[in-house]
Chemist: 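The structure's right below; bear with me while I get my questions together.
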Amino acid sequence: MRGLRRFVCRMMSNVPENTVYGGPRPQSPSQRVTLANLRQKHARGEKISMVTAYDYPSALHVDQAGIDVCLVGDSAAMVVHGYDTTLPVSLEEMLVHCRAVARGAARPLLIGDLPFGSYESSSSQAVDTAVRVLKEGGMDAIKLEGGAPTRISAAKATVEAGIAVMGHVGLTPQSISVLGGFRPQGKTVSSAVKVVETALALQEAGCFSVVLECVPAPVAAAATSALQIPTIGIGAGPFCSGQVLVYHDLLGMLQHPHHAKVTPKFCKQYGRVGDVINKALQEYKQEVESSTFPGTAHMPYKIGASDVDGFLTELEKMGLGHAATAAASAAENSK
C-alpha cells in the first residue's frame with residue numbers, strides 16, 4: 001500500500017501549487033518540483049539542474065542531491081545497454097527504465113524521452129506514445145527531438161493532449177543518419193539561425209523548455225535570450241537557463257574503451273566512480289581467491305556446539321565421514 005501511495009503521489013507531480021482546494025503553498029525542499037517551480041526559478045534568473053537516470057539506484061542519488069529535473073534519456077541505449085547510438089532502444093525498454101526511476105525519485109520533475117521510432121509517423125502516434133510514458137512510465141513530461149514541421153506538429157498535438165513537452169534542438173542524436181554522425185550544429189550562419197528558429201517554433205508549439213545540444217555558446221545565448229521558456233544546455237556553454245549531463249558521464253562511472261569512445265568532449269567528470277568500482281571488484285576477487293573473504297565478521301549464522309555434535313553424528317550415520325570432518329573443521333575455525 002505504501003508503495004502504491006508513493007507511486008500515485010509521484011504521478012500527481014504536475015498538479016499546480018495553486019489548486020482549487022487549499023490555495024497556494026510555499027515549496028519546501030522536500031516537495032516535488034513542478035513546472036510552476038521551474039518557471040518561477042527561470043523568472044528569478046536561477047539556473048536549473050538536470051541529470052539523467054535510468055534505474056532505481058541512480059534515481060535515488062539524483063533525488064538525494066536535490067537535482068531539479070531527472071531525465072530518463074534514450075542515452076540508456078549507450079550507457080546502459082552498450083549500443084553505439086541511441087537508435088536501438090525500444091519504447092518497452094524505456095518504459096522499464098521510467099518505472100524504475102519513478103520509484104526512486106520522489107522530488108525532481110521526471111521527463112521521459114520518446115525513443116526513436118515511437119513518434120515520427122504522425123502526431124497521433126506521438127500522443128499515444130506520450131500517454132504511455134506518463135501512464136505506464138510514471139513520468140511528468142516527455143521530451144522529443146528535432147524541429148522539422150512534423151516534429152513541431154507532434155509537440156503541439158502532445159501539449160494539446162494535456163502532456164508537458166520539452167523540445168530538443170541542435171545535435172539531435174536520433175537524427176545521426178541525416179546529420180552524418182554526432183556532429184555539432186550552429187557553426188555556420190544558416191545553421192545558427194536554424195537553431196534559434198527551431199527553438200522559437202517549439203516554444204510556439206507549447207513546449208515548456210528546450211534542450212540545446214552541441215551548439216556554440218553565442219548561438220545558445222541568442223536562443224536563450226530570444227525565448228521566454230528555459231533552455232537546458234548540454235555542450236552549449238554557460239549561457240543557457242540550466243544544464244544537463246548524463247549520469248554515467250559526470251560520475252566517471254565507466255572506465256572502458258567502449259565508454260571512452262562515446263563520452264562527449266564537453267562532459268566534466270565530477271568523480272571517477274568507475275575506478276572505485278573496479279578497485280572494489282578486484283579486491284573482492286583477490287579475497288575470494290585467497291580465502292580471506294568471508295572472515296568471521298561476515299559469518300553471522302551460528303550453530304550451537306551440541307547441535308554440531310549431533311550433526312556430525314548424523315553425517316557419520318549417512319556414511320559421509322569426509323563431510324563430517326569438513327564440518328568439524330569449519331566449526332573449529334569459525335569460533
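Position 1 is the first residue of the sequence, and the numbers go up from there. Given the structure is predicted, the values throughout are model-derived calculations rather than measurements.
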Chemist: Does Ile142 form a side-chain contact (heavy atoms from CB on, under 4.5 Å) with Ile163? I'd like the steps, not just the answer.
Modeler: CA-CA 8 Å; Ile142 63 95; Ile163 299 171; 4.1 Å; yes
Chemist: Got a sec: does the NZ of Lys302 have more than 12 other heavy atoms crowding it under 6.0 Å?
Modeler: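 It does: Lys302 NZ has more than 12 such atoms within range.
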Chemist: Going from NE2 on His97 to OG on Ser75, what distance comes out if it is rounded to the nearest 0.5 angstrom?
Modeler: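 The OG atom of Ser75 is 9.5 Å from NE2 of His97, to the nearest 0.5 Å.
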Chemist: Is any side-chain heavy atom of Ser90 less than 4.5 Å from a side-chain heavy atom of Glu93?
Modeler: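 A side-chain contact exists here, since the closest heavy-atom pair is under 4.5 Å.
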Chemist: For Lys41, does the NZ atom sit with more than 12 other heavy atoms under 6.0 Å from it, leaving out its own atoms?
Modeler: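 Yes, because the 6.0 Å sphere around NZ of Lys41 holds more than 12 heavy atoms from other groups.
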Chemist: Would you say Leu110 and Val131 are hydrophobically clustered, going by side-chain heavy atoms of ILVMFWY under 4.5 Å?
Modeler: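 They do share one cluster, since a chain of ILVMFWY contacts under 4.5 Å joins Leu110 to Val131.
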Chemist: Is it the case that one hydrophobic cluster holds both Tyr270 and Met50, taking links as side-chain heavy atoms less than 4.5 Å apart, direct or via other members?
Modeler: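 Yes.
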Chemist: Could you tell me if the side chain of Ile152 sits less than 4.5 Å from the side chain of Leu202, heavy atoms only?
Modeler: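 Yes - at least one pair of side-chain heavy atoms lies under 4.5 Å apart.
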Chemist: When you check the gap from the basic side-chain N to the acidic O, do Lys194 and Glu197 get nearer than 4.0 Å?
Modeler: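 No, no charged N to carboxylate O under 4.0 Å.
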Chemist: Check for me, please, whether Val244 and Val219 land in the same ILVMFWY cluster - side-chain distances under 4.5 Å, paths through other members count.
Modeler: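 Different hydrophobic clusters.
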Chemist: Enumerate, atom names and distances included, each donor-acceptor pair closer than 3.5 Å involving a side-chain atom of residues 221-230, sequence neighbours excluded.
Modeler:
| unit_1 | atom_1 | unit_2 | atom_2 | d |
| --- | --- | --- | --- | --- |
| Thr224 | OG1 | Ala220 | O | 2.8 |
| Thr224 | OG1 | Thr231 | OG1 | 2.7 |

Chemist: Could you see if Val210 belongs to whatever hydrophobic cluster contains Val195? Use Ile, Leu, Val, Met, Phe, Trp, Tyr and a side-chain cutoff under 4.5 Å.
Modeler: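 Linked, Val210 and Val195 end up in one cluster.
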Chemist: Between Asp307 (side chain) and Ile303 (backbone), is there a donor-acceptor pair under 3.5 Å?
Modeler: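 No, because the side chain of Asp307 does not come within donor-acceptor range (under 3.5 Å) of the backbone of Ile303.
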Chemist: Using a 4.5 Å cut-off on heavy atoms from C-beta on, say whether the side chain of Leu91 contacts that of Arg132.
Modeler: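 Side chain of Arg132 against side chain of Leu91, heavy atoms only: contact under 4.5 Å found.
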Chemist: If every non-hydrogen atom of Phe116 is compared with every non-hydrogen atom of Leu87, which pair is closest and at what distance?
Modeler: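 So the two residues come closest at CG-CD2, 3.8 Å.
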Chemist: Between Asp63 and Arg107, is there a side-chain N and carboxylate O pair less than 4.0 Å apart?
Modeler: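 So Asp63 does not pair with Arg107 through a salt bridge.
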Chemist: Do Leu250 and Lys268 come within less than 4.5 Å of each other through their side chains, counting heavy atoms only?
Modeler: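 Not touching, per the 4.5 Å side-chain cut-off.
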Chemist: Quick check: closest heavy atoms across Thr198 and Gly147, and the distance to 0.1 Å?
Modeler: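 Looks like CG2-CA, 3.2 Å.
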Chemist: Counting C-beta onward and ignoring hydrogens, is there a side-chain heavy-atom pair between Lys156 and Arg151 closer than 4.5 Å?
Modeler: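 The answer is no; the side chains never approach within 4.5 Å.
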Chemist: Without swapping roles, check the side chain of Ser334 against the backbone of Ala331 for a donor-acceptor pair under 3.5 Å.
Modeler: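 Side chain of Ser334 to backbone of Ala331, a donor-acceptor pair under 3.5 Å: no, none is there.
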Chemist: Can you hop from Phe208 to Ile67 via hydrophobic side chains spaced under 4.5 Å?
Modeler: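 Yes, Phe208 and Ile67 fall within the same hydrophobic cluster.
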Chemist: How long is the span from the CG atom in Asp113 to the CD atom in Glu145, to the nearest 0.5 Å?
Modeler: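 Here the interatomic distance stands at 6.5 Å.
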Chemist: Are side-chain N/O atoms of Ser306 and Asp309 paired as donor and acceptor at under 3.5 Å?
Modeler: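 Side-chain D/A pair, Ser306 to Asp309: absent.
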Chemist: Hey, are Ser122 and Gln125 close enough side-chain-wise for a donor-acceptor pair under 3.5 Å?
Modeler: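 Result is no, nothing qualifies.
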Chemist: Can you name the residues that form a ring-ring contact (aromatic ring centres under 6.0 Å, His included) with His322, not counting sequence neighbours?
Modeler: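 His322 satisfies ring-ring contact (aromatic ring centres under 6.0 Å, His included) with no residue once adjacent residues are dropped.
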Chemist: If we only count heavy atoms from C-beta on, is the Thr34 to Asn37 side-chain gap below 4.5 Å?
Modeler: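 Thr34 vs Asn37: side chains touch.
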Chemist: So does Glu46 have more than 12 non-hydrogen atoms from other groups sitting under 6.0 Å from CD?
Modeler: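 Yes, CD of Glu46 has more than 12 neighbouring heavy atoms, counting only those of other groups under 6.0 Å.
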Chemist: Output yes when a side-chain donor or acceptor of Glu120 lies under 3.5 Å from a complementary backbone atom of Gly117, and no otherwise.
Modeler: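 Flag set: sc Glu120 to bb Gly117 pair under 3.5 Å.
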Chemist: Check step by step if side-chain contact (heavy atoms from CB on, under 4.5 Å) holds for Glu136 and Arg99.
Modeler: CA-CA 7 Å; Glu136 299 176 36; Arg99 287 191 289 268; 4.1 Å; yes
Chemist: Donor-acceptor check, side chain of Asp68 to backbone of Ser49, threshold 3.5 angstrom: yes or no?
Modeler: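 Here the side-chain-to-backbone pair exists.
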Chemist: Evaluate the criterion side-chain contact (heavy atoms from CB on, under 4.5 Å) for residue pair Val169 and Val211; output intermediate values, then yes/no.
Modeler: CA-CA 6 Å; Val169 300; Val211 170; over 6 Å; no
Chemist: Testing the basics here: between Gly321 and Glu316, what is the closest heavy-atom pair and its distance to 0.1 Å?
Modeler: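 Heavy atoms of Gly321 and Glu316 come nearest at CA-OE1, 3.8 Å.
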Chemist: In terms of the angle between their ring planes, are Tyr54 and His248 parallel, tilted or perpendicular, with boundaries placed at 30° and 60°?
Modeler: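 Tyr54 vs His248 ring planes: tilted.
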Chemist: Tell me whether Lys47 contacts the main-chain N or O of Cys240 through its side chain, where contact means a donor paired with an acceptor under 3.5 Å.
Modeler: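 At least one qualifying donor-acceptor pair exists.
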Chemist: Please report the shortest heavy-atom distance between Lys187 and Pro216, naming the atom on each side.
Modeler: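 Heavy atoms only, the tightest pair is CG-CG, 4.2 Å.
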Chemist: For the NZ atom of Lys143 and the CG atom of Leu114, what is their distance to the nearest 0.5 Å?
Modeler: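 With rounding to 0.5 Å, NZ (Lys143) is 8.5 Å from CG (Leu114).
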Chemist: Within the 4.5 Å heavy-atom criterion, are Leu281 and Ile277 side-chain neighbours or not?
Modeler: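 Heavy-atom side-chain distance check passes, below 4.5 Å.
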Chemist: Within the distance-only criterion (no hydrogens, no angle test), does the side chain of Ser118 pair as donor or acceptor with the backbone N or O of Pro115 below 3.5 angstrom?
Modeler: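 Such a contact is found between Ser118 side chain and Pro115 backbone.
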Chemist: Evaluate side-chain contact (heavy atoms from CB on, under 4.5 Å) for Leu109 paired with Leu35, printing each intermediate quantity in order.
Modeler: CA-CA 8 Å; Leu109 184 79; Leu35 296 185; 3.6 Å; yes
Chemist: Once rounded to the nearest 0.5 Å, what's the spacing between atom OG1 of Thr52 and atom CD1 of Ile111?
Modeler: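 Separation between the atoms: 12.0 Å.
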Chemist: I need the Gln269 CD to Leu245 CG distance, nearest 0.5 Å.
Modeler: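 Reported to 0.5 Å precision, the distance equals 10.5 Å.
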Chemist: Do Leu251 and Arg272 have side-chain heavy atoms sitting under 4.5 Å apart?
Modeler: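 No. Closest side-chain heavy atoms not under 4.5 Å.
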Chemist: What distance do His168 atom NE2 and Cys207 atom SG have between them, rounded to the nearest 0.5 Å?
Modeler: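 Going from the NE2 atom of His168 to the SG atom of Cys207 covers 12.0 Å.
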Chemist: Check this for me: Phe266, atom CZ, are more than 12 non-hydrogen atoms of other residues, nucleotides or ligands nearer than 6.0 Å?
Modeler: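 Yes, CZ of Phe266 has more than 12 neighbouring heavy atoms, counting only those of other groups under 6.0 Å.
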